[in-house]
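The next block holds one structure in the form of structure tokens; read it before the comments.
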Amino acid sequence: MSSQSEVMHCYERIAPLTERMLAQARTGQWGELPAQEAQYSSLVDLLKVIEPLESLTESQVARKYQLLSRINSNHSEICSLVIPQLAYLGEVGKSLEQEEAFQMAYSQVTGIR
């Protein structure tokens, strides 16, 4: 094991990543979030593999919980911003489907396509 803990390195990367994701959600940069989410998921998947294999020092455990607190806080706020946006997009999608169905029905009645 190197002097730098791989587990801690992952947590140290995840915390600022969630802060960037939160900033993007706050400013409505929705198109940027999927790439950030993919990076976040990759790091979490890596942690699932390496964390059980590595023992942390007491100070690393304390730092880990500080980072987890930041990560969880950011994640909670991201969800509070993203969930309404997803609901809105779902409603827009339903509206578009209804409009398309109306146009199809109207074109069949009038014979126009």
Side-chain angles (χ1 to χ4, degrees):
M1 180 173 83
S2 66
S3 61
Q4 171 69 22
S5 161
E6 283 190 57
V7 168
M8 292 308 299
H9 182 69
C10 284
Y11 283 109
E12 294 285 353
R13 289 178 58 200
I14 291 171
L17 178 60
T18 61
E19 288 167 3
R20 285 191 304 276
M21 292 170 67
L22 178 55
Q24 290 166 342
R26 285 178 175 159
T27 58
Q29 297 176 36
W30 307 115
E32 304 296 323
L33 286 174
Q36 302 293 324
E37 173 61 28
Q39 189 177 4
Y40 172 86
S41 293
S42 292
L43 288 167
V44 169
D45 289 344
L46 178 59
L47 271 174
K48 289 177 184 177
V49 172
I50 65 172
E51 193 161 17
L53 305 175
E54 187 176 314
S55 296
L56 299 177
T57 66
E58 197 172 306
S59 64
Q60 287 173 323
V61 170
R63 177 69 178 149
K64 171 186 160 180
Y65 285 111
Q66 287 176 337
L67 292 168
L68 278 172
S69 179
R70 277 176 45 200
I71 292 165
N72 286 335
S73 176
N74 292 337
H75 188 265
S76 178
E77 190 172 346
I78 291 165
C79 287
S80 74
L81 295 167
V82 169
I83 289 172
Q85 182 67 16
L86 290 174
Y88 168 75
L89 291 174
E91 290 301 315
V92 168
K94 285 181 189 175
S95 178
L96 290 173
E97 287 174 5
Q98 289 172 347
E99 183 178 326
E100 184 178 303
F102 175 75
Q103 288 178 350
M104 293 281 287
Y106 181 74
S107 67
Q108 289 174 355
V109 170
T110 61
I112 301 172
R113 288 199 179 219

To the nearest 0.5 angstrom, please state how far the [atom1] atom of [X] sits from the [atom2] atom of [Y].
| X | Y | atom1 | atom2 | result |
| --- | --- | --- | --- | --- |
| L68 | I14 | CG | CD1 | 8.5 Å |
| S41 | Q36 | OG | CD | 11.5 Å |
| L43 | I71 | CG | CD1 | 9.5 Å |
| L22 | T27 | CG | OG1 | 9.5 Å |
| C10 | L17 | SG | CG | 11.5 Å |

State which residues pass side-chain contact (heavy atoms from CB on, under 4.5 Å) with [X]; sequence neighbours excluded, sorted by chain then number.
| X | result |
| --- | --- |
| E32 | Q24, Q29 |
| R70 | A15, P16, E19, R63, L67 |
| L56 | S5, V7, M8, E54, Q60, V61, K64 |

Do [X] side-chain atoms and [Y] backbone N/O form a donor-acceptor pair below 3.5 Å?
| X | Y | result |
| --- | --- | --- |
| S80 | E77 | yes |
| S73 | S69 | no |
| S76 | N72 | no |

State, to 0.1 Å, how close [X] and [Y] come at their nearest heavy-atom pair, and which atoms those are.
| X | Y | result |
| --- | --- | --- |
| T18 | Y40 | CG2-CE1, 3.6 Å |
| P84 | C79 | CD-O, 4.1 Å |
| L33 | M21 | CD2-O, 3.4 Å |

inquiry  = Could you tell me if the side chain of L46 sits less than 4.5 Å from the side chain of I50, heavy atoms only?
reply    = yes
**Item:** Residue pair R13, Q39: steps toward the side-chain contact (heavy atoms from CB on, under 4.5 Å) verdict
**Value:** CA-CA 10 Å; R13 289 178 58 200; Q39 189 177 4; 4.0 Å; yes
query: Do Y11 and Q66 pass the side-chain hydrogen bond (donor to acceptor under 3.5 Å, both in side chains) test, and can you show the C-alpha distance, the side-chain angles, and the key distance before you say yes or no?
result: CA-CA 10 Å; Y11 283 109; Q66 287 176 337; over 6 Å; no
